[in-house]
Asks: 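Can you keep this structure in mind? I'll have questions shortly.
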Amino acid sequence: MPADGGPDARLRSVLGALGAPEALAAPLAGALGPGAAEELRDDPWRLLALPQVTREQADYCARRALGADASPDDPRRGRALAARLLRHASREGHTAMEAKRLEEALRSMGVRSPSPALDAAVDGGDAVVFEVLPEGDDDIVGEGGEAAEMPDPDLFYAPPRLGRAEEQLGEALARLTAGGEPVMDSATAAESVQATDERLGLGIAPETTAALVSVALRTVCVLPHTEAGREAVGHVLECVAAMAAESEVGVAVTVPTAQGAAALNAAVPAAAARPLGQLLRDHSPAEPVPAGFVVVAEAMALGAELAAELARACADGTHIVLLADPANAPSAAPGQVVADIVASRTATVAPLPDSPAPGPLAQAAALVSGGELAEVEAPGKEVVTVPAASADEAAHRAVQLLTDSIPRAIGTAADATQIITSARGGEAGADALNTACKERLNPGPGALGGFDPGDRVLLTGRGPGYVPGDTGRLTGAADGGVEVELAGGAVVTVADPAHLRAGWAMTIAAAHGSRWEAVIAVFGPEARSSRPQVHTAITRAERHLSVVQAAGPALHEAVRDVPAIHRQTRLVSVLREA
């Protein structure tokens with residue numbers, strides 16, 4: 001051991017000198033890396049890399065270290081605050097912040113001169129800056145026939161990984177578009193669809209045939225559909241598989257989560273869908289996906305980083321098909337990939353038709369997408385509303401439904417039923433519900449980092465073969481971590497304990513991209529929801545939905561009055577300029 005006690009001891013010593021708890025040493029080392037002690041000694045505001053450290057606490061530590069030199073305008077302070085603002089924005093789903101908005105936020109924190117602070121953030125690797133030409137009049141000719149002056153660009157700042165992801169996604173899609181050729185001509189594609197329809201007796205609608213012709217001709221296609229259009233989604237998957245076989249180009253169907261892939265394969269066996277985490281584990285720009293068609297179902301759940309990785313893993317000429325319900329919320333990860341691709345007008349958009357006889361689940365979804373939360377006729381108990389007077393009662397009802405009512409009345413086992421909540425905290429939040437579910441379904445000492453074999457788990461980080469949102473069952477210890485059997489049967493090793501969370505209950509964001517036979521959607525009194533979030537929650541169910549309603553009129557108002565979720569992204573401009 002080094003004479004000074006090693007890096008941990010040095011970091012604890014620096015924290016002590018700053019008047020900060022030594023307990024911050026481990027998370028700070030994780031955030032800053034092996035040079036954390038030296039970084040913190042030179043810049044006390046590096047404490048702000050930890051979300052639990054407040055601005056006031058970091059300023060206090062800086063005054064302890066720097067005395068009168070601890071200025072609110074110190075570029076080191078501004079750099080740390082700018083980085084924190086960008087991290088907070090990314091947690092809200094944004095991939096970038098407009099410079100004016102970022103400068104205003106910095107001024108509100110006492111930074112009188114934001115420019116040096118932002119320069120320091122860029123120089124220190126905490127941010128990247130981009131110029132974006134404002135949208136508007138595209139005329140390049142001004143008055144008198146002279147060339148019009150170019151408008152001044154807007155500046156946007158982004159965390160480096162997100163800024164790079166949107167750039168890479170735009171470049172990859174432009175590469176595919178530039179090098180792509182039709183897999184079939186329009187007549188041959190239409191004949192292939194007709195032959196598949198006759199062979200399987202699907203009853204394919206003309207709108208679906210038109211969409212499939214676009215898929216054969218165009219390299220990037222978005223096929224929007226509603227919950228009532230999932231039958232058409234199945235038709236698309238059957239026909240794309242047939243077109244790929246006839247053209248000998250191959251097809252790869254993927255879903256953002258393992259649970260979503262398992263549900264799709266149960267509904268449409270011909271899809272042979274793979275979870276995105278496993279597809280990306282096996283393929284990269286150096287070893288592209290060997291398929292002429294790459295189809296992404298549940299594509300609204302696709303964030304900017306994973307979308308960029310997938311597009312980069314596609315070979316030149318690959319046709320990418322995004323199947324998406326635009327009424328759902330954007331992804332849990334930063335970005336709004338499908339919405340931005342559609343808004344950029346750089347892809348072919350071919351809507352799929354609704355079923356002429358939608359069931360109760362699809363009817364409930366249609367009402368919500370139209371701004372109404374109302375009862376639907378459900379003779380088979382496909383949709384049930386369970387009122388609750390408090391958060392405590394909502395939690396009790398949810399656990400009762402999972403462990404007793406749904407297995408007994410619907411015939412769906414607890415293993416095939418998922419609780420989805422509007423919040424993680426609170427009495428009716430995911431954390432409290434998971435504690436109650438573990439006590440009922442798999443009690444144990446938590447010998448494996450707080451978990452036991454048999455626990456249902458949610459993966460919240462990225463690792464070999466898995467991505468955030470994947471769910472499975474913890475099977476036991478493994479070299480370097482624990483073993484988790486994902487939905488669909490694949491087994492992965494999770495080495496980072498921070499990637500594991502109990503999974504009997506999860507938030508709406510975490511559930512995005514997955515589907516279960518039965519879903520219990522819990523809206524507690526503290527719920528802060530929107531129409532897209534409610535729509536996402538209720539459309540995770542394949543067969544049965546129980547809505548535990550403890551939010552009262554507030555939930556109806558949210559569905560009626562909050563029709564969209566705004567995110568600041570750059571992908572539209574990147575795609576138009578690519």
Side-chain angles (χ1 to χ4, degrees), residues 93-96 132-136 138 162 165-178 180 207-208 210-230 232-233 236 240 254-256 293-308 310-311 314 318-354 365 369-370 512-513 530-533 535-536 539 563-578:
H94 308 288
T95 60
V132 177
L133 289 174
E135 294 186 38
D138 294 331
L162 293 176
E166 289 191 311
E167 294 284 320
Q168 290 170 347
L169 178 55
E171 291 168 0
L173 293 177
R175 169 180 60 83
L176 296 175
T177 301
E207 298 94 327
T208 304
L212 284 160
V213 170
S214 295
V215 165
L217 295 175
R218 309 298 180 191
T219 47
V220 182
C221 287
V222 177
L223 274 51
H225 62 85
T226 69
E227 186 67 7
R230 294 191 65 228
V233 168
V236 166
V240 170
T254 188
V255 188
F293 294 107
V294 172
V295 184
V296 185
E298 298 282 353
M300 287 294 288
L302 202 57
E305 291 180 279
L306 286 176
L310 175 61
C314 291
T318 297
H319 288 222
I320 289 185
V321 184
L322 302 175
L323 293 159
D325 184 344
N328 283 335
S331 58
Q336 48 185 17
V337 172
V338 173
D340 283 346
I341 290 175
V342 171
S344 73
R345 301 191 295 276
T346 59
T348 299
V349 179
L352 298 178
D354 289 348
S369 67
H512 205 348
S530 65
R531 187 185 305 171
Q533 288 170 321
H535 189 275
T536 301
T539 55
I565 297 173
H566 170 73
R567 289 186 172 180
Q568 183 74 67
T569 63
R570 297 178 42 256
L571 184 56
V572 172
S573 61
V574 170
L575 289 169
R576 289 177 176 173
E577 295 169 9

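Because the structure is a prediction, the values reported are computed rather than measured. Just so you know, these numbers use all the heavy atoms, side chains as well, and skip hydrogens, waters and symmetry mates.
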Asks: Test side-chain contact (heavy atoms from CB on, under 4.5 Å) on Thr208 and Val236; report intermediate values, then the result.
Replies: CA-CA 7 Å; Thr208 304; Val236 166; 4.0 Å; yes
Asks: If you count every heavy atom of other residues, nucleotides or ligands that lies below 6.0 Å from Arg175 atom CZ, does the total exceed 12?
Replies: yes
Asks: For Gln568, does its backbone N or O pair with a side-chain atom of His94 as donor and acceptor, under 3.5 Å?
Replies: yes
Asks: How long is the span from the CG atom in Leu302 to the CD atom in Gln336, to the nearest 0.5 Å?
Replies: 13.0 Å
Asks: Within the structure provided, determine whether Leu352 and Leu323 are in side-chain contact (heavy-atom separation under 4.5 Å).
Replies: yes
Asks: Sub-3.5 Å donor-acceptor pair from the side chain of His225 to the main-chain atoms of Ala232, do we have one?
Replies: no
Asks: Within the structure provided, determine whether Ile320 and Leu176 are in side-chain contact (heavy-atom separation under 4.5 Å).
Replies: yes
Asks: Can you tell me which residue among His535, Gln533, Glu298 is in a side-chain hydrogen bond (donor to acceptor under 3.5 Å, both in side chains) with Asn328?
Replies: His535
Asks: Looking at every non-hydrogen atom in both residues, tell me the closest pair between Val574 and Glu167 and how far apart they are.
Replies: CG2-OE2, 3.7 Å
Asks: For His319 and Phe293, take the angle between the two ring planes, folded into 0 to 90°, and tell me which bin it lands in: parallel under 30, tilted 30 to 60, perpendicular over 60.
Replies: perpendicular
Asks: How far apart are the closest heavy atoms of Gly335 and Ser331, and which atoms are they?
Replies: O-OG, 3.3 Å
Asks: Examine the side chains of Glu166 and Thr95 and answer whether a donor and an acceptor come within less than 3.5 Å of each other.
Replies: yes
Asks: Could you tell me whether the side chain of Leu223 reaches within less than 4.5 Å of the side chain of Val215, counting heavy atoms only?
Replies: yes
Asks: Any side-chain heavy atom of Leu310 within less than 4.5 Å of one from Val296?
Replies: yes
Asks: Give a yes or no answer on whether the side chain of Ser214 reaches the backbone of Ala350 with a donor-acceptor pair at less than 3.5 Å.
Replies: no
Asks: Quick one: pull up CD1 in Ile565 and OG1 in Thr536 and give me the separation to the nearest 0.5 Å.
Replies: 7.0 Å
Asks: What closest approach, in Å, do Ala333 and Gly303 show between heavy atoms, and which atom pair accounts for it?
Replies: CB-CA, 4.2 Å
Asks: What is the minimum heavy-atom distance between Cys314 and Val294, and which atoms define it?
Replies: SG-CG2, 3.9 Å
Asks: side-chain contact (heavy atoms from CB on, under 4.5 Å), that's the test. Do Glu305 and Leu162 meet it? Break it down for me.
Replies: CA-CA 7 Å; Glu305 291 180 279; Leu162 293 176; 3.7 Å; yes
Asks: Which residues pass the side chain to side chain contact (heavy atoms under 4.5 Å, CB included) test with Arg531, sequence neighbours left out?
Replies: Val368, Val559, Pro563
Asks: Between Leu173 and Ile341, does a side-chain contact (heavy atoms from CB on, under 4.5 Å) hold up when you go through it step by step?
Replies: CA-CA 10 Å; Leu173 293 177; Ile341 290 175; 3.9 Å; yes
Asks: Where is the tightest heavy-atom contact between Ala311 and Ala172, given as atom of each residue plus distance?
Replies: CB-CB, 3.6 Å
Asks: If you take all heavy atoms of Leu575 and Ser344, which pair is closest and at what distance?
Replies: CD1-OG, 3.5 Å
Asks: Measuring from Arg576:CZ to Asp340:CG, what's the distance to the nearest 0.5 Å?
Replies: 10.0 Å
